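Given the structure is predicted, the values throughout are model-derived calculations rather than measurements. Chain letters run A, B, ... following the sequence lines, proteins first, then strands; residues in each count from 1. Below, all heavy atoms of this structure are taken into account, side chains as well, without hydrogens, waters or symmetry copies.
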Amino acid sequence: MALLEITDLHAETAGKPILKGLSLSVNAGEIHAIMGPNGAGKSTLGYVLAGRPGYEVTGGSASYDGVDLLAMAPHERAAAGLFLGFQYPVEIPGVSSVQFLRTALNAQRRARGQDELSAGEFLRIARDQAAALGLDFEMLKRPVNVGFSGGEKKRNEMVQMGIIDPRLAILDETDSGLDIDALRTVGDGINRIMRAPNKAVVLITHYQRLLDYVRPDFVHVLAGGRIDRSGGPELAHELEREGYGARAA
Amino acid sequence: MSVLELPSTRQEAWRWSDLSALPELARQPHGALRAADDLWIGCGGPRLLFVDGVFDAARSDAGPFAIGQITSDASSHPLGKLAGREGWSLRLGRDHAPAGTVEIVHLATGGAGHVAGEILLDDDAQASVVQSFIGDGWSNQATQIRLGRSARLMLARRIAQGSGFTSLADDAALGAGASFTTTLLAEGAGDSRVDLAATGAGEGVYVEAGGALLARGGQHHDVNIVLRHAGLDGQSRQIWRAVAEDGGTDSIAARVEVARGAQKTDADQSLRGLLLDRTSTINLKPELEIFADDVRCAHGATVGELDARALFYLASRGVPPVEARALLVRAFVADALDRIGEEAVREAFGGYAQSWLGGAQ
């Protein structure tokens, strides 16, 4: 059974159809890259899977580990092991990252019937993950993402992913806004946290460069609201050379 | 029984208040006494308990307080003048400061309880006072505050009655260099009306007035502030946060007056409201009246809803909706409550706000 099974998914936002029959099967242990031109529906796919209000599924299905993903509330999807890395991480004034993530992690643990972590246990994990991603731990004591640079926000997304330790990560343009060193750090982070036989990653990206660090098992082209083409890692290089328009032309 | 004369909503300063329940509350008998062990925050200072406006000596440790007739001028406030002349008096001589924060608990059991209070601090004296208004009924207090040169007063209030009405009328006069910080947390399930009129006559006074109003289910909290800067170099800060849901109403009218000659006045007002649903109401009215030309007065008033993007971000990390909302609302009111200087009081107030928010549906 696939960890994520999307079948003929149709979705719209603000009355405008975006996904038009998208199908995708992701098994545990796999990393899939989804590439495509702007406006193809890449971010919408991430939002629909994570359950963002305002994105309405009008047809098709998506199951996670055999369970109907679309029937779950967003926080239940997270507790089940789904993580969405945001293209534009949200700033939350007045709430520190430490407070936010401890609340999140313990809510997930409660939902899974596990004991909550003590403050000490949580801080140890948070410190380790921040260090591994090259983010100053002091920044996690500050309000979530407030005053962070684009690169720091993306590192923070990965720190969050490290702390939460999901089974399925959907990473929406995690590479945008990163310089070459940060790209390597983030790429190493994705490999370290998510490369495991029981986990999977859907890497949504516009460019091939992150794929130099996180080598995908499959590459898909999303165009016109559906998977237009699939292949191995070599497809990413081909797209980089020829552009998304080459094949359509 | 004499007829209760109450201001009408046709008067501008009372147009958002709903006093209609007061005559009936005043007619009710007092209820049964209850234990008071859980009423205290535990600040290590003197403790005063008033039950329905009457001092409970057996359960108090009055320290430097005098109980009985107050000496200050009577309040001219429409509700404050009903408070009478009996109550508590904290009078501190020059350079004097009682150990620890003073706690005054006003427990209402039903009916009306009226208390007069006064805080008279001589030059360089300082005090920290926290008051809680709990129980059911009408609890009414008028407080006269007189601060001498460089005296400092920190006053924190928690209005948390389960039902009924709490009305507070403060009249404060500050000498040169005096500092007065007052923070209000209005929560519970009863209605309230809080008036503060503070005048800084001397040079270099500092006034900070703010707080958090939390209303739900037809509850009304109503705050009226008038800060008068009459001396040079005065400073005032107002940070008010209002949260309303399920038909609750919060109203804040905050006026700053700068008298002729009160140059270099520096006054800030930040009034912000958060509506948790479309059935609730928040009224914000910042006002400035300036008769001096070399001053800095800033005011801002906004009413909004919770940030949907932040709610989804929290949900995407596994935070359930009720907790996510509580986290964001707590952050919203923290701006105001974090101003409380005494750590024990700040933490206690934060906890009270958190439990109120945790109960949000």
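Neither the backbone nor the side chain of Glu76(A) comes within less than 4.5 Å of any heavy atom of chain B. Heavy atoms closer than 4.5 Å to chain B are found in both the backbone and the side chain of Arg52(A). Residue Ala310(B) touches chain A through both its backbone and its side chain, counting heavy-atom pairs closer than 4.5 Å.
Distance check: Ile164(A) CD1 to Ser316(B) OG gives 7.5 Å after rounding to the nearest 0.5 Å. One distance of note links CD of Gln99(A) with CZ of Arg330(B); it measures 8.0 Å at 0.5 Å rounding.
Residues Arg309(B) and Glu91(A) are not paired through a salt bridge, judged by the lack of any N-O separation under 4.0 Å between the basic side chain and the carboxylate.
Side-chain N or O atoms of Arg317(B) include one that pairs as donor or acceptor with a backbone N or O of Leu84(A) at under 3.5 Å.
No more than 12 heavy atoms of other residues, nucleotides or ligands shown are found within 6.0 angstrom of OH on Tyr88(A). Other residues, nucleotides and ligands contribute over 12 non-hydrogen atoms within 6.0 Å of the CG atom of Asp68(A).
Options Pro143(A), Ala78(A), Pro166(A) differ in how many heavy-atom pairs under 4.5 Å they form with chain B, and the most are formed by Ala78(A). For chain A, the option among Ala331(B), Pro321(B), Gly318(B) with the highest count of heavy-atom pairs below 4.5 Å is Gly318(B). Of all the listed residues (Asp307(B), Asp335(B), Leu314(B), Leu328(B)), the one sharing the greatest number of non-hydrogen pairs under 4.5 Å with chain A is Leu314(B).
For Arg110(A) against Glu323(B), the heavy-atom pair with the smallest separation is NH2-OE2, 2.5 Å. The two residues Phe312(B) and Gly51(A) have their closest heavy-atom pair at CE1-C, 3.7 Å. The two atoms that bring Leu327(B) and Val95(A) nearest to each other are O-CG2, 3.8 Å, heavy atoms only.
Ring pair Phe86(A)/Tyr313(B) is perpendicular by interplanar angle, where above 60° counts as perpendicular and below 30° as parallel.
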